[in-house]
> 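Let me give you the structure first, and then I'll get to my questions.
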Amino acid sequence: MAHIRVRFAPSPTGPLHIGGLRTALYNYLFARQAGGTFILRIEDTDQSRYISGAEQYIIESLSWAGIEPDEGPGVGGDYGPYRQSERKNLYQKYAEQLIVSGHAYYAFDTPEELAARRAQNPAFKYDSSVRLQMRNSLTLAAEEVAQLIELGKPYVVRLKVPRNELIAFRDRVRGEVQFHSEELDDKVLLKSDGMPTYHLANVVDDYLMKITHVIRGEEWLPSTGHHVLLYRAFGWTPQMPEFAHLPLILKPNGKGKLSKRDGQKLGIPVFPLAWKDAKEIFEGFREFGFLPEAVVNFLAFLGWNPGTEQEVYTLEELYQLFSLDKVSKGGARFDFDKAKWFNQQHIMRLDGYALAQRVRPWIAQHGVTPDESYLAAVCELLKSRVTLLSDFWTQGAYFFTPVTQYDEAAIRKRWKPERRPIIEDFIRYLSQLTTWDAATIEQAIHAYVQAKGLKFGEVLPFVRLALAGTLKGPGVNEMMALLGKETVLQRLQEGLDRFDQIVSATATS
Ligand code: GLU
């Protein structure tokens, strides 16, 4: 088997959609598994749709996800340049080669003439049934063609789709796919500005870059008939890559393709990273608090699964398992709850120190810079309770700053001012502890409650509310151990006064 070379070939027409990232991922997994090469090629020949910043966004998104190209812009490689705009002089020669061999022709029809045709017949297609009625090098005399070109009249080069040809190929996902040449129009290959269209540039570059497998979204399946014809016309059929067309990613309700609008409407991310256009900001998975490894795992399962029970995998584990033959044909429903589940699973897989690195920026946003071991311990303690990286702050801010918000409803329900002497005594008792770790604290509380004939419910809810402001959270002993004796005693003392105030405010209101 030849060395496997695959490419991800996005057009920088906007931010990379999550479906695009999945295409990149499947290419990457396929390449890594085979010890092959993963190439990034920027298809930027359509100047009218070019969006500045989009290429950088694509590169950053891949890098965030850990899907690093082996060859590409900024990386280099033996088959560059990897930006089609930097290769533009090369395509013309291939278009001319097809004209000489009779597989393509010059077409001089003006935009107005074509528009008139379409006005007459909205289903108008420039194809083998009409090409002989049009103004092109098949209908005009050779001298006239030469003269028009000489005069600088605008022209395009079109593919001369053969009549009555069956175009069949095996798609790794879809199986046997067939087109009849009668269904295909005479696609423009070279535009009047001298730039190639997607079809020409894509096929020429796949050939020149020795691509062995084209793995891309299902929306490109209809173009593949033309691509196969181009390989035939160039005489490159032996080098034609294998095709694999990936299923669509569907809206959460399963109805239709997931769009960027759905993201805004449903408050879910559909881009890996934030993207800002003239009108709005789209938050990405990163800004929602996702770990890249969770997003990668989630995306890997949108359209593929290894056929086993296990679902949580690292990128390395995924590429050991990945197989194009297990990619599904049907659309894959985007299930945001499932994405969150993957995130939670991946958070659980990281140890406190690894998590601390990921969580630090989220904490720093609030002006807090805890030391490494403390942050790692908090992360370890909270990790089984959180879903998103942002939750470490929203659920654990009290580990880093004084409690600013108390669950007043819980306090009104639980706090009885007549318990003050009990708590005051408990605070004195705690202050005498000389060892301060979770096990010692647990034992001490047990002993205290028993000796005083109290119920845990008379002490512990108060402690939680005073330390964290809420009844939710990790084990109270661990929480106390981490916060440290001084902070604990101080917050308990403050709690007494605050809770009395809260309760009496309710009583008088
Ligand atoms: N430039 C195309 C895109 O934007 C590439 C499709 C392909 O992979 O052939 O998706």
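Read the numbers this way: they start at 1 and go in the same order the structure lists the ligands and their atoms.
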> Going by the atom numbers of ligand 1, which of them fall below 4.0 Å from some non-hydrogen atom of N202?
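In order of number, 7 (C), 9 (O).
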> Report, as yes or no, whether the 6.0 Å neighbourhood of atom CG on D78 holds more than 12 heavy atoms from other residues, nucleotides or ligands.
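For D78, atom CG is not crowded (no more than 12 foreign heavy atoms under 6.0 Å).
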> Check for me whether E219 has a heavy atom closer than 4.0 Å to any atom of ligand 1.
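Per 4.0 Å heavy-atom rule, E219 does not contact ligand 1.
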> Which residue holds the protein heavy atom closest to atom 8 (O) of ligand 1, what is that atom called, and what is the gap in Å?
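The protein heavy atom lying closest is R7 NH1, 2.7 Å.
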> Going by the atom numbers of ligand 1, which of them fall below 4.0 Å from some non-hydrogen atom of E43?
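Per the distance check, 1 (N), 2 (C), 5 (C).
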> Measuring only between side-chain heavy atoms, which start at C-beta, is E182 closer than 4.5 Å to R163?
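Side chain of E182 against side chain of R163, heavy atoms only: contact under 4.5 Å found.
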> Nearest protein heavy atom to atom 7 (C) of ligand 1, by residue and atom, and its distance?
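Looking only at protein heavy atoms, the one closest to atom 7 (C) of ligand 1 is R216 CD, 3.4 Å.
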> Heavy-atom distances under 4.0 Å decide this one: backbone, side chain, both or neither, for Y198 against ligand 1?
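Y198 to ligand 1: side-chain contact only, backbone stays beyond 4.0 Å.
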> Would you check if V203 and Y94 make a side-chain contact, meaning some heavy-atom pair closer than 4.5 Å?
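V203 vs Y94: side chains apart.
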> Please determine whether the number of non-hydrogen atoms from other residues, nucleotides or ligands lying under 6.0 Å from atom NZ of K125 exceeds 12.
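Enclosed.
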> Kindly check if the number of other-residue, nucleotide or ligand heavy atoms within 6.0 Å of NZ (K160) is above 12?
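Open: at most 12 neighbouring heavy atoms sit under 6.0 Å from NZ of K160.
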> Considering non-hydrogen atoms only, spot the tightest contact between N343 and G289 and give its length.
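In this case the closest contact between N343 and G289 is ND2-O, 3.2 Å.
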> If hydrogens are left out, which of G20, S11, A9 has an atom nearest to atom 5 (C) of ligand 1, that is, the closest non-hydrogen atom?
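When every heavy atom of G20, S11, A9 is considered, A9 comes closest to atom 5 (C) of ligand 1.
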